[in-house]
Amino acid sequence: AKAKGRNTYHFYSQELNAAANERLFIENELRLALKEKQFVLYYQPQVDSKTQHVVGYEALIRWFHPTQGMIPPTKFIPIAEATGLIVELGAWVLQESCEFAARLAAQGRENNISINLSARQFKDANLVPLLASMIRQTNVPARRLHLELTESMLMGNVEAAITQLHQLKALGVSISIDDFGTGYSSLSYLKRFPVDILKVDRSFVKDIPEDTNDMEITAAIIAMAQKLKLNVVAEGVETIEQVAFLQNNNCFIVQGYYYSPPIPESELPKLFEKLNDT
Ligand code: C2E
Ligand code: CA
Ligand code: CA
Ligand code: CA
């Protein structure tokens, strides 16, 4: 038993080492990647299921590492957040998203661009002036920008969060609550925050129509959003049954593999062709 314990410990510490090494590797490589422009934004369409037209896109970052290949955001965003590199990376995402939105507007496609903000970025005192200058410089209509925040980012210092939200909204942008239903926010708070959109989390959508609990929760979130005069976007929609369920419950803006995964800008023409959206 003793020997086994030692082996287990040995194995465990090796695993810990591997995790720590990977973390260190990503941390070091992140700095370089910013300089060497190894990041690309992919865009996932948000589609009006009534008309099949794209109403907007969520910008989702991708890291193409020269030797590791694609490193998913779930691997490096938390590390960028912990090291503070997220502020610089997040600024790049904002700038790219504004430029993308401006290019679309120039083609006569006035679509919304949803941008994920990290907790650090949201708390950063420089966020509002930075975004203001990007909006000015790229000439993007501010109403086209939707900033996605999670509930947990709002719940720490509620008063500070409300102030920051009002300052962002004064720029003309919209505020969206990402992964809605998975955090700790209460309905009374929701009313105090100046938010515009709720995104129903994929965890509630993915087992529709098998899981009747999830169906009731999803229907309740949509109904509540409507009472609060908020727009609703359903995330992670993969099947026609899910689209139909959401339509029957008055949610028409959907995002998910059913319509398209996140794609690079170069693949937009193919998407428009597929959706017959010209
Ligand atoms: P999120 O904001 O909840 O983004 C939605 C995730 O669900 C994306 O994963 C997307 O590719 C995936 N997804 C979309 N439709 C479907 C579907 O139908 N089925 C399934 N199974 N998945 C779907 P992704 O791109 O790997 O991003 C993961 C997370 O990384 C994001 O979750 C977000 O929290 C974070 N992230 C991505 N880009 C950025 C960024 O630019 N800045 C920040 N701060 N975070 C980002
Ligand atoms: Ca998001
Ligand atoms: Ca989400
Ligand atoms: Ca479930």
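Atoms within each ligand, like the ligands themselves, are counted from 1 in listed order. Remember, it's a predicted structure, so these values are computed and weren't measured experimentally.
- Here S114 fails the criterion, with no N, O or S atom under 3.0 Å of the Ca ion (ligand 2).
- At a threshold of 4.5 Å between non-hydrogen side-chain atoms, the residues H53 and F272 do not count as touching.
- The pair E88-K35 fails the salt-bridge criterion, with no side-chain N (NZ, NE, NH1 or NH2) lying under 4.0 Å from an Asp/Glu carboxylate O.
- Partner V237 forms a side chain to side chain contact (heavy atoms under 4.5 Å, CB included) with one of I253, V47, V254, V200 and no other, that one being V254.
- A salt bridge is absent between D179 and R202; no separation between the charged side-chain nitrogens and carboxylate oxygens falls under 4.0 Å.
- Around the Ca ion (ligand 3), the angle linking D178 (OD1) with D179 (OD1) is 90°, rounded to 10 degrees.
- Residues with a heavy atom under 4.0 Å from ligand 1: Q44, E58, L60, I61, R62, P73, T74, I77, V93, N116, L117, S118, D178, D179, R202, E235, G236, V237, E238, G256, Y257, P262.
- For the pair R192 and E159, the salt-bridge criterion is met [side-chain N within less than 4.0 Å of a carboxylate O].
- Aromatic ring pairs are classed by plane angle as parallel below 30°, tilted from 30° to 60° and perpendicular above 60°; the pair W92 and F39 is tilted.
- Considering just the N/O/S atoms of E148, the one nearest the Ca ion (ligand 2) carries the name OE1.
- Around CD of Q68, the count of heavy atoms belonging to other residues, nucleotides or ligands within 6.0 Å exceeds 12.
- Ion pairing of E238 with K206 is absent here, as no side-chain N (NZ or NE/NH1/NH2) approaches a carboxylate O to less than 4.0 Å.
- Atom OE2 is the N, O or S atom of E58 at the shortest distance from the Ca ion (ligand 2).
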